[in-house]
Amino acid sequence: MSGIERHETELLILGSGGAGLLAALHAHDKDPSLEITIAVKGLLGKSGCTRMVQGGYNAALAPGDSLQRHFMDTIEGGKWLNHQELAWRLVEGAVERIVELENRWGCFFDRNPDGKLHFKAFAGQTVDRTVHKGDLTGIEIINRLAEQVWARGIKRLEEHRALALIPSREGEQLSGVLLLDVRTGEFRFIAAKAVLLATGGGPTMYLYHTPSGDKSCDGLAMALRAGLKLRDMEMVQFHPTGLIAGKDTRITGTIIEEGLRGAGGHILDGAGERFMHKYDPRNERATRDIVSRGMYDQMRAGKTGPNGGVFITMKHLDPAMVRRQFKGMVTRCADVGFDLVSGNVEVVPTAHYMMGGVVFDLGCRTSLPGLFAAGEDTGGVHGANRLGGNGVANSTVYGGIAGETMATFVKSEGGIVAPDEAAIEAAVADALRPFSRKPGDLNDIRERLYRLMWDDVGIIRDEASLTRGQKALDDLAAELGEAGLPDTARAFNLTWADWLSLDSLILTSRAIAAAALRRDDSRGAHYRADFPETGSLERSENTVVTLKENRIAVTTEPVAFTRVRPGQSLA
Amino acid sequence: MLKVEIWRGTEEGRYETYEVPSQPSQTVLDLVTFVQRKLDPSLAYRFACRVGVCGSCAMTVNDTPRWTCRTHVQKVVERGRVRIAPLRNLPIVKDLATDMVPFFDKGQEAKGRFIPSDAAATSVAEISPEDPKRKEADAAIECIGCAVCYAACDVVSWRPEYLGPAALNRAWTLVSDARDSDRIGHLQAVADDAGCHACHGHQNCVEHCPVGINPTRSISGLKRLVLMAAVRGRL
Amino acid sequence: MRNHPSYRAFLVHRLSGIALALFLPAHLIVLGLALETAMLDGFLDWAAQPAVKAAETILVILLALHLFGGLRLLAIELLPWSDRQKDWIGWAAAAALAVGAGFVVRSFA
Amino acid sequence: MKRLELWLYIAQRASALVLAPLVLLHLGVILYAVAGGLSASEILGRTRSTWMWPAAYGLFVVAAAVHAAIGLRVVLREWTSWRDRSLDLATLGIGLVLLLLGLRAVQAIA
Ligand SMILES: Cc1cc2nc3c(=O)[nH]c(=O)nc-3n(C[C@H](O)[C@H](O)[C@H](O)COP(=O)(O)OP(=O)(O)OC[C@H]3O[C@@H](n4cnc5c(N)ncnc54)[C@H](O)[C@@H]3O)c2cc1C
Ligand code: HEM
Ligand code: SF4
Ligand code: F3S
Ligand code: FES
């Protein structure tokens, strides 16, 4: 292929969330002479979910807290599916990272009146350990990191979408990444000595979802195509309270804060009756998965509001308290036309986070030499469920680690190697495919994908629904392959972007469905109506998905209890 | 049905009119999305978070710069009509998407980044939230970098090199941060010819900032500090 | 975008400043005429006409507007921020109008 | 000059601070004097009564020359495309003309 622009860089980072930015900063710190490039689908620091973090960041810094307690909460929350060494490194690293974010990069987290850090309570924790900046923690973190990246000689390729990981000619290592320059519509191949996959997962294939619009599981899809293993893909976390306001608004799916339930908010069915007592004695204050399932159950029974959701209400509470304590939420609702203080706001459970992802090691290496991974693209840290506050800890801790390992790798082993030209050619052809087909109805495909993942591969699954889902996904994949685009300008072509996103989403959805079918018990975020019991913790296994000849293969591997066994505790 | 006029093209371009069905819950971003998904697949625009935290969806709506993901159509519609253009004062990439690099570059020109005093410290600094300087920083820190203020400021259009409200606001949070070690450096950066003194206090920035930041207040604070430093010969 | 008090205050201040800057040389030239008393008296007679008086009134108001508006700006720039600064616009305008009214009353008295 | 804008800004604010009381005074005098019409002898009678009047007006003239010249420079920079060195020279010119006219006037009333 001669038509594409080619560049070289020593270190290429895909994504500018917590993982991508910290990787860049740590690599630069370790070796300021390194040539570092960040390629990101959106704008640097303005895309991705780290910026959207509201609740905060777990770090065992509070008096009375310990690494052991944070670790045990993480393992219990993850229902013993976590990779224990990764989880341990997480809790250790979180403490270092918070201090670093403050003293080195300039974040300032909320303090108590005595000037010490404030820790807030988050579900599933035995100690209040969540460090935060009001309820906009992510903005503080990403703004501070992005301005530091901007200040260094780090190259930015904004609005560059990674399309494919390109192996070397012999295929034994990674050569570089094929990118699409969104603004011009041109392809660009970047050869690199080391590449970080930090595109942040994001379950946006569900009817209702929380992540930012740029996330479409591209990283996971690229990893599958490159032959990497993904673990625990069936573990998709749903957040119980997402706004619902019809399918033609992007408001639908966005989060209403969890604290509302904590503060005494009630959840009502379509007829205005409370129902959570039928599912858990803690009522609305039960954990995310239980509340989500309760709500979903009511919705399936048809007891819904006008848009198909249920309601959250605060109107029995002191309006002044609600206004004061949830100022951000109240104005956000008001901006888009809802009255959170004295009305009923229609809500649905909404797909939030993927615990599963690329198999990686403590140094963020993957099985493909030259390729590293960190953040929500990876699997293992959280097991079957992620604690609120462990997500951003994960991306920032492992992002930083990846930066350091990659800097070392580049100097010792890494080198620019010639790419497999056929792979580049194939990837370009794949991306251009829709322009040679008759225009299809992408909206219809997207809506059907959303619907089928929601109905059949969603909050409550069983063998029949998953099998149905798999079949439907295969059909959709074929249909998308034939769905074309009008051959208009390629520059900043969002409809082409939609097509490419659907392509990644369908492939990743297939991985989720296959893993979900394989796990025949219920734990954490995964609930099988036909296997409602948790199953033996001692004999816990992880699912592992790979793509071979365009077929998804699933295997399992026993969990290694390297630090603690079910029934024991470190804390 | 709403009549939605949308800017198409780059600096050279024209408005095109689309008919979009009206919905009870509908933001300006939803109008634009509807046009791209259902009426004209070639329309370019930008958004990410859709909840008002990323600051990438700002556009000019009926001549006013706004975040579009959190602007309900009812709030802006005039006689069934909404006119949407890219943000002012920034180069246009295509249609509604602008090139925000100059905006962020100015953040750097204003030395809008933390300069650590003790990067290797093993605990976080003890600073009371009631400390007056901290309160100044806190009041101005939650900027989402949406460039709405930058687009609203006439001085930016009259003097394109002017650093602008957001960059200066960030500089103010840094000189108000007890942990930052380069107060004079930050002041020097904003005392340059296109710095804080170019602001005339129009307060378009205050009026339009979607998250309620008051850059005028921050800029006045900088003007005082720079003045004192200059008079004392410290710049 | 510009439809709010602070922007209007800026415009008034700038336009009054420009007007004053244009008027000032004329005013100084006229005063310079005092070297020849007679000419100044001739000018003052001319200036006693109602139309000229009206113009003078406007100038005095502009001077007062610019003065009080300028004091407001100096307060914003030199004193710690006050959330009452918006109210000052009203006070500045009121004070300027009071001066103008005083001028009208006294010069036509 | 390094930080030209900053020093001009300072000069403008400083001159404004000087002008403020003087203009207040001047406005007071206008209000007092206009009643019953003006005459040259009346004006000169007042201004020549003590050295304070010419001194005050002298100061006024200097401050106004500085203040208005810098003010106009800013307006021209922002509202026209005139922004090179010639604008700075013009500013200087405007200031000098104002100063000369002003000093002549002060001399006339002294
Ligand atoms: C609304 C919301 C609230 C949350 N609240 C919390 C919380 O309170 N506490 C917590 O711990 N966690 C929270 N999380 C989870 C947390 O945000 C994520 O776990 C974490 O930030 C992921 O970081 P990341 O760096 O892996 O990915 P992201 O921050 O999502 O960054 C991914 C980056 O990759 C880019 N990218 C994507 N595809 C491509 C491509 N093809 N080519 C190039 N670039 C690409 C994106 O544009 C983006 O820049 C929340 C998530 C959401 C959505
Ligand atoms: C008497 C003669 C005066 C003249 C001719 C005059 C003229 C001007 C001019 C032309 C400007 C520029 C306006 C702009 O930049 O927008 C200006 C600005 C200013 N003037 Fe005056 N002025 C006079 C008196 C005063 C007085 C008495 C004060 C205050 C007490 C004052 C305070 C200011 C201030 C603070 C500015 C800066 C405004 C800005 O930058 O926007 N002026 N003046
Ligand atoms: S100050 Fe306000 S308007 Fe300006 S960029 Fe920040 S958030 Fe946007
Ligand atoms: S709008 Fe511009 S002029 Fe100053 S007060 Fe705000 S920066
Ligand atoms: S899309 Fe993020 S602020 Fe609007």
Side-chain angles (χ1 to χ4, degrees), chain A residues 42-48 51-52 98-100 102-106 108-117 133-134 136 138-140 143-144 147-148 150-151 158 183 212-214 245-246 248-252 254-255 332 335-338 442-443 485-486 488-489 491-495 498, chain B residues 23-27 29-30 33-34 36-38 41-56 69-72 74 93-95 97 100-101 104 107-108 112-114 116 118-130 137 141-145 170 174 177 179-180:
Chain A
L43 297 184
L44 188 131
K46 293 172 99 49
S47 47
R51 198 176 170 98
M52 298 173 75
I98 282 289
V99 173
E100 171 190 328
E102 276 258 347
N103 296 326
R104 194 160 167 61
W105 313 123
F108 188 83
F109 300 108
D110 282 3
R111 300 292 206 267
N112 291 313
D114 67 359
K116 298 201 165 75
L117 277 179
K133 168 91 189 93
L136 297 172
I139 300 181
E140 175 71 1
N143 277 355
R144 299 300 76 90
E147 67 202 19
Q148 296 289 347
W150 208 277
E158 293 185 282
R183 295 187 186 179
S212 64
D214 49 298
D248 281 330
T249 175
R250 293 205 191 258
I251 301 161
T252 289
T254 59
I255 293 191
R332 187 191 287 184
D335 282 351
V336 292
F338 300 104
L442 291 192
N443 297 310
L485 296 171
T488 52
F492 225 121
N493 187 329
L494 292 188
T495 309
D498 284 346
Chain B
Q23 308 273 353
S25 291
Q26 190 172 38
T27 62
L29 178 63
D30 293 332
T33 303
F34 187 93
Q36 178 251 328
R37 284 191 178 165
K38 307 273 170 76
S42 68
L43 176 65
Y45 58 100
R46 186 185 289 123
F47 80 102
C49 72
R50 70 213 157 101
V51 289
V53 303
C54 73
S56 44
C69 66
R70 282 194 41 191
T71 300
H72 199 287
Q74 286 317 316
V93 177
K94 186 182 166 200
D95 302 341
M100 296 185 79
V101 166
F104 286 104
Q108 290 300 320
R113 60 183 177 272
F114 181 72
D118 190 0
T122 51
S123 63
V124 309
E126 281 189 20
I127 295 171
S128 164
E130 294 307 315
I141 198 72
E142 283 174 359
C143 170
I144 59 170
R170 172 64 181 133
L174 286 160
D177 188 336
R179 305 166 306 162
D180 189 280

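These numbers come from a predicted model, not from an experiment. In the text below, chain A, chain B and the rest are named by the order of the sequence lines, each starting its count at 1.
- Between A:R104 and B:A119, the shortest heavy-atom contact is NH1-CB, 3.5 Å.
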How far apart are the C-alpha atoms of B:R113 and A:W150, what are their side-chain angles, what is the distance that settles it, and do they pass the side chain to side chain contact (heavy atoms under 4.5 Å, CB included) test? CA-CA 9 Å; B:R113 60 183 177 272; A:W150 208 277; over 6 Å; no

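- Neither the backbone nor the side chain of B:L174 comes within contact range of chain A, judged by heavy atoms closer than 4.5 Å.
- Here B:I141 is the residue among B:L43, B:I141, B:D95 with the most heavy-atom pairs under 4.5 Å with chain A.
- Looking at heavy atoms from C-beta onward, A:P486 lies in side-chain contact with B:P41 at the 4.5 angstrom threshold.
- Looking at every heavy atom in both residues, A:M52 comes nearest to B:V53 through CG-CG2, 3.8 Å.
- Only the side chain of A:R144 comes within less than 4.5 Å of a heavy atom of chain B; its backbone N, CA, C and O stay farther away.
- Taking a cutoff of 4.0 Å between a charged side-chain nitrogen and a carboxylate oxygen, A:K46 and A:E158 do not qualify as a salt bridge.
- In this structure, chain B has a heavy atom under 4.5 Å from the side chain of A:E140, while its backbone stays farther away.
- Most heavy-atom pairs under 4.5 Å with chain A, from the set B:P129, B:S128, B:G112, B:C143: that is B:P129.
- Of the listed residues (B:E126, B:M100, B:R70), the greatest number of heavy-atom pairs within a distance under 4.5 Å of chain A belongs to B:R70.
- Looking only at distances, a side-chain donor or acceptor of B:R179 sits under 3.5 Å from a matching main-chain atom of A:G106.
- Ranked by heavy-atom pairs shorter than 4.5 Å toward chain A, the options B:C69, B:G52, B:A120, B:G55 are led by B:G55.
- With a threshold of 4.5 angstrom between heavy atoms, A:D114 approaches chain B through N, CA, C or O but not through any side-chain atom.
- Contacts of A:L494 with chain B are made by both backbone and side-chain atoms, with heavy-atom separations under 4.5 Å.
- Your options are B:Q74, B:H72, B:K38, B:R37, and the one with the most heavy-atom pairs under 4.5 Å with chain A is B:R37.
- Only the side chain of A:D498 comes within contact range of chain B, with heavy atoms under 4.5 Å apart.
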One pair to check against side chain to side chain contact (heavy atoms under 4.5 Å, CB included): B:R50 and A:T254. What are the steps and the verdict? CA-CA 8 Å; B:R50 70 213 157 101; A:T254 59; 3.7 Å; yes

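- For B:V124, the parts lying near chain A are the backbone and the side chain together; criterion is any non-hydrogen pair under 4.5 Å.
- Contacts with chain B were tallied for A:N443, A:T488, A:D214; A:N443 has the most, counting heavy-atom pairs under 4.5 Å.
- Not a single donor-acceptor pair under 3.5 Å links the side chain of A:D335 to the backbone N or O of B:T71.
- For the options A:G42, A:G337, A:P113, heavy-atom pairs under 4.5 Å to chain B are most numerous at A:P113.
- Looking at B:Q108, the atoms closer than 4.5 Å to chain A (heavy atoms on both sides) all sit in the side chain, from C-beta outward.
- In this model, a donor atom of one side chain and an acceptor atom of the other lie less than 3.5 Å apart for B:T27 and B:D30.
- The greatest number of non-hydrogen atom pairs below 4.5 Å with chain A, out of B:G107, B:A137, B:S123, is found for B:S123.
- Heavy atoms only, all atoms of each residue included: A:E102 and B:F114 are closest at O-CE2, 3.9 Å.
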Check step by step if side chain to side chain contact (heavy atoms under 4.5 Å, CB included) holds for A:R250 and B:T33. CA-CA 9 Å; A:R250 293 205 191 258; B:T33 303; 3.0 Å; yes

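- The choice from A:F338, A:F109, A:F108 that makes the most heavy-atom pairs within less than 4.5 Å of chain B is A:F108.
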